Amino acid sequence: MQLEWHTAGTGEVLEALDSSEGGLSREEALSRLRAKGPNRLTPPESVSPVKRFLRQFNNLLIYVLIAAGILTAALGHMVDALVIFGVVVLNAIFGFVQEGKAEKAMDALKQMLSLQALVRRNGRTHQLNAEELVAGDIVLLQSGDKVPADMRLLKVRELRADESILTGESLPVEKNTDAVRSETALGDRFCMAFSGTLVTYGKAEGVVTATGDRTEIGRISSMLAHVETLQTPLLRRVEAFGRTLTISIVALSIFMFVFGVFVRGYRPEEMFNAAVGLAVAAIPEGLPAIMTITLAIGVQSMARRRTIIRRLPAVETLGSVSVICTDKTGTLTCNEMTVRSISLGDKGFQVTGVGYDPHGAFLLDGGEVDLALHPDLRMLAHVSLLCNDAVLEQEEGRWVLSGDPTEGALLSFGMKAGYSADAEREEWPRIDLIPFESEHRFMATLHHNHDGMAYVYLKGAPEVVFERCMSVWSIDGDLPFRPEFWQKKAEDMASGGERLLAIACKPVTTRLSTLGFGDVAEGFGLVGLIGMIDPPRDEAALAVSRCRDAGIRVKMITGDHADTARAIGRITGIGDGLKVLRGSEIESMDDLELIGKAAEIDVFARSSPLHKLRLVTALQAGGNVVAMTGDGVNDAPALKRADVGIAMGGKGTEVSKEAAEMVLTDDNFATIANAVEEGRTVYDNLTKSILFVLPTNGGEALSILFAVLLGYTLPITAVQILWVNMVTAVTLALALAFEKPEENVMRRSPRNQDEPLLSRFVAWRIVYVSCILVLGTFGLFLWYERAGCTDACARTVAVNTLVFFEIFYLFSARFFTRSVFSPGGLFGNRYVLYASGALVLLQVVFTYMPFMQQVFATVPLDLQQWLVILAVSSSVLFFVEIEKAVRRRFRLGEGDVP
Ligand code: ATP
């Protein structure tokens, strides 16, 4: 029988899993991986294709069409009925295929966010893809991680885990290593960490006991069956609009039927055909599928530009963002730290070298120094190496860092001073630590050496370390500590944009074996100040100015020193280069005062995640739509609170990614600006497809309505209308989904979130184009009727006119108000050209193929008729372009037009 992991002691568990604290060997791990398969949950069974296909029919628009089909069949018009059903099925196939594609695209995105795990194998720690984990692997957990597999904990340092996805308990659970009784409930097995739960605090080491579907979360896979549907507020509004539209259309059709029969004296059967025609004409049955695919294409194109959307509504919200709050480190800067300067009170050293490469020299007054003469510098290097969790390794000639870049820089500095991290760690083993958290801004470690000496080493933000110092360390005995002197030093170093760390130490007795906050509260001897550079990203300043042009205010919220923040702000163009609000000042303000300050000031320094949360809330209270970046566990509340929470794909914790709406795969601020551009473009393209599709329906419906009201023959039959709707939706409207951003997307202000679906501009354009379409289509029909053509011939002309209207209008619809009369305007979107070409072919088939002539009652047209059709239908291009020119000239509807 298998051991119950939670009931056994750590040694027993390791033995049962045939593992040890040093971990498995690579070979053993590989062979276990081969035997048990990857650590991955079998994806929930997706909805069966048949069910997905049937779901396409579950739509009020389609019900109306089906009812119309049944009634038509009942009246004996079999061909017409078949066409209606054909269209219904075709529409379902179209929707089915598109939805499938869209869902695949979303699934692919999920794959991109693969989970990493810190694993010890062969005694060395590696970062691995969590799918490669096997039972027996030793995994290191720290705050912010998502637990990658079920584990029995071996060492715990104040570990707390949020297990709500497993147990429903929303408060984090405190973990330990003590075995519990067999029947203990899952939520009380404190010595276990479960796959999929989140580490909210502390550190731990554990041995993997189960992977993949054998984990606790794998067993309740029903919980994971929840798949996010392709829904956004806009799509929901379109759906609701579709429902209202359908009901109005049905009511109008009934009214028309009654009016036609009783007032105009039509035969009921003829009127019935007209009513069905009207319903069919006015219903935009293809629109929902087009909108879904437009959204999916937009999300895919964002992924290509390194933004992964986790929650779809964010795509739309991005277009409305008016403030972006960004971190500094890694987002605006490269997050590649290098120690540049060192202050040991009266001596200021410069450090040479590039990146993490541990080769470089120490200069004092321009000359290279001999470290043997500077014991304080050696002490600084020694503490820098030991109060440090990073690992630097040479891979193919490059120095690669695992861990925090700040610590990487310190490691490289220690190595430049001639120390070996491994040798130091060997000689001064670490007994305990208080890990770095951005709340307390320091890290402390406790070391005992083999000669019975013990020290606490402290590194952190200068103010935090200074508070705990009472002397200055020197080899000849402690010197007095003068806070003002050091404060001034720190400010001088920070004003050049350097990121600062202070280093201190304190001798203790070897009896101290665990480190608590009380042990690091006072009594330290300051060793020195270290300044490191983290160069701003080249593209940051440009991205900030693009945001400004787009009416978006960029604010920097950093944990760093005020002077460092101001200097980086100056280089990247954030803030006025003077005003900085510190976390401590935020604390002393009430909410009302903060609303004012948050609006006025752009650089926030020494701020903790709690300040971030208050700032987002204050900015939102000031009427802003806020995007906020974050990477730590404690950033999660602010990310959730923001309208668009943005997590970092690289350095971000899993907890922050779970809380965010989108993830930047390159952690780069410039990517946010690109995402805003994409978000605005997607929204534009959705609006464009509405602007394109609805006038077709409007034109058709009005043609029929006028014919009945004025007592004429119907210019287009119901089945012909269906043909037009299908071919134009499938071919033409889809081309707009590929439309590139308009020139001015990043030069207009953010969209108002409360903007109605049909803004004045959209409503006007729909009515305007509908009228042009009615006049042309109905006009030509009447003209040919008067000229003695048959109904069939006049109708063939009318249908072709309508379709060619659509083709010409498609070119205009590419831009809201910009003229399309330019090479880029006419030929810039190749999908528009393909779609137009395909449609011309379809119309030829529709007009000349005998089978189609039978089904749709069409007749061949002659050249002159074609020329007339082209002349009339191309007018829409000119009319819409004239409207655009007038808008541009008189600046009409500004603020309303996207
Ligand atoms: P942001 O990413 O928000 O721009 P940040 O990275 O500068 O800011 P934090 O990571 O909260 O913010 O760091 C705040 C301060 O804490 C730093 O200025 C530095 O002095 C100190 N600090 C940073 N990392 C460590 C660490 N690993 N150990 C000790 N102190 C650290």
Side-chain angles (χ1 to χ4, degrees), residues 142-144 203 325-337 339 383-391 401 403-411 413 433-445 457-468 490-491 493-494 497-504 520 529-534 536-537 540 554-569 572 574 580 582-583 603-613 615 628-635 638-639 646-648 650-653 656 664 667-669:
Q142 59 179 349
S143 83
K203 283 191 170 201
C325 297
T326 171
D327 286 339
K328 173 179 70 62
T329 311
T331 320
L332 291 167
T333 66
C334 301
N335 206 14
E336 274 168 23
M337 313 259 181
V339 173
V383 179
S384 297
L385 285 181
L386 288 177
C387 191
N388 199 320
D389 279 330
V391 179
L401 169 76
D404 175 16
T406 306
E407 300 193 346
L410 293 180
L411 209 54
F413 152 63
L433 89 157
I434 298 178
F436 173 78
E437 293 282 350
S438 26
E439 255 101 24
H440 52 246
R441 289 200 285 275
F442 72 81
M443 166 174 170
T445 50
Y457 293 145
L458 174 73
K459 79 171 198 294
E463 320 77 286
V464 178
V465 174
F466 293 166
E467 268 171 22
R468 293 164 166 76
E491 275 161 28
M493 285 168 83
E498 279 180 5
R499 177 178 175 84
L500 293 190
L501 278 175
I503 301 263
V520 295
L529 268 180
I530 297 182
M532 44 187 83
I533 51 158
D534 177 15
R537 289 178 183 267
V554 180
K555 296 184 185 270
M556 168 168 51
I557 307 183
T558 171
D560 231 330
H561 198 284
D563 292 311
T564 315
R566 188 183 289 122
I568 298 292
T572 48
I574 300 177
V580 177
R582 290 175 187 76
V603 179
F604 302 87
R606 284 298 185 230
S607 38
S608 72
L610 200 66
H611 302 139
K612 276 192 178 178
L613 181 61
L615 279 171
M628 161 77 88
T629 68
D631 46 20
V633 205
N634 308 317
D635 288 335
L639 289 176
I646 307 174
M648 302 295 146
K651 68 167 182 160
T653 55
S656 64
L664 307 181
D667 298 7
N668 188 342
F669 179 79

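Numbering of ligands and ligand atoms starts at 1, following listing order. Just so it is clear, the structure is predicted and the values come from calculations on it, not from any experiment.
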Q. Quick one: does ligand 1 sit under 4.0 Å from the side chain of Arg499, the backbone, both or neither, non-hydrogen atoms only?
A. side chain
Q: Do me a favour and list the nearest non-hydrogen protein atom to atom 11 (O) of ligand 1 with residue, atom name and distance?
A: Ser438 CB, 3.0 Å
Q) Counting heavy atoms only, which of Asn634, Leu500, Asp560 is nearest atom 19 (C) of ligand 1? A) Leu500
Q) Is the shortest distance from a heavy atom of Val464 to ligand 1 less than 4.0 Å? A) no
**Q.** Closest approach of Ala504 to Val465 (non-hydrogen atoms, all atoms of both residues)
**A.** CB-CG1, 3.8 Å
Q: Could you list the atoms of ligand 1 found under 4.0 angstrom from a heavy atom of Ala461?
A: 20 (O), 21 (C)
Q) Would you say Lys612 and ligand 1 have an N/O pair spaced under 3.5 Å apart? A) no
Q.
So if I apply the side chain to side chain contact (heavy atoms under 4.5 Å, CB included) rule between Thr629 and each of Leu639, Leu332, Ile646, which one comes out positive?
A. Ile646
Q) Arg606 near ligand 1, heavy-atom distance under 4.0 Å? A) yes
Q.
Donor-acceptor pair, distance only, cut-off 3.5 Å: does the side chain of His611 make one with the backbone of Gly559?
A. no
Q. What distance do Leu385 atom CG and Tyr457 atom OH have between them, rounded to the nearest 0.5 Å?
A. 10.5 Å
Q. Lys328 to ligand 1: N or O pair under 3.5 Å?
A. yes
Q: Starting from atom 14 (C) of ligand 1, locate the nearest protein heavy atom and write down its residue, its atom name and how far away it is, to 0.1 Å.
A: Gly559 O, 3.3 Å
Q: Among all protein heavy atoms, pick the one closest to atom 22 (N) of ligand 1 and tell me residue, atom and distance.
A: Phe436 CE1, 3.3 Å
**Q.** Sidechain-backbone polar pair: Thr653 side chain, Asp631 backbone, donor-acceptor under 3.5 Å
**A.** yes
Q | Spatial distance of atom CG (Asp560) from atom CD1 (Ile568) [nearest 0.5 Å] | A | 8.0 Å
(Q) For the backbone of Thr406 and the side chain of Asp404, can you confirm whether one donor and one acceptor N or O come within less than 3.5 Å of each other? (A) yes
Q. Among Thr329, Leu501, Asp327, which one has a heavy atom closest to atom 21 (C) of ligand 1?
A. Leu501
Q) What heavy-atom pair brings Ala390 and Glu407 nearest, and what distance separates the two atoms? A) N-OE1, 3.6 Å
**Q.** Numbered atoms of ligand 1 (with element) below 4.0 Å of Ile557, judged on heavy atoms
**A.** 3 (O)
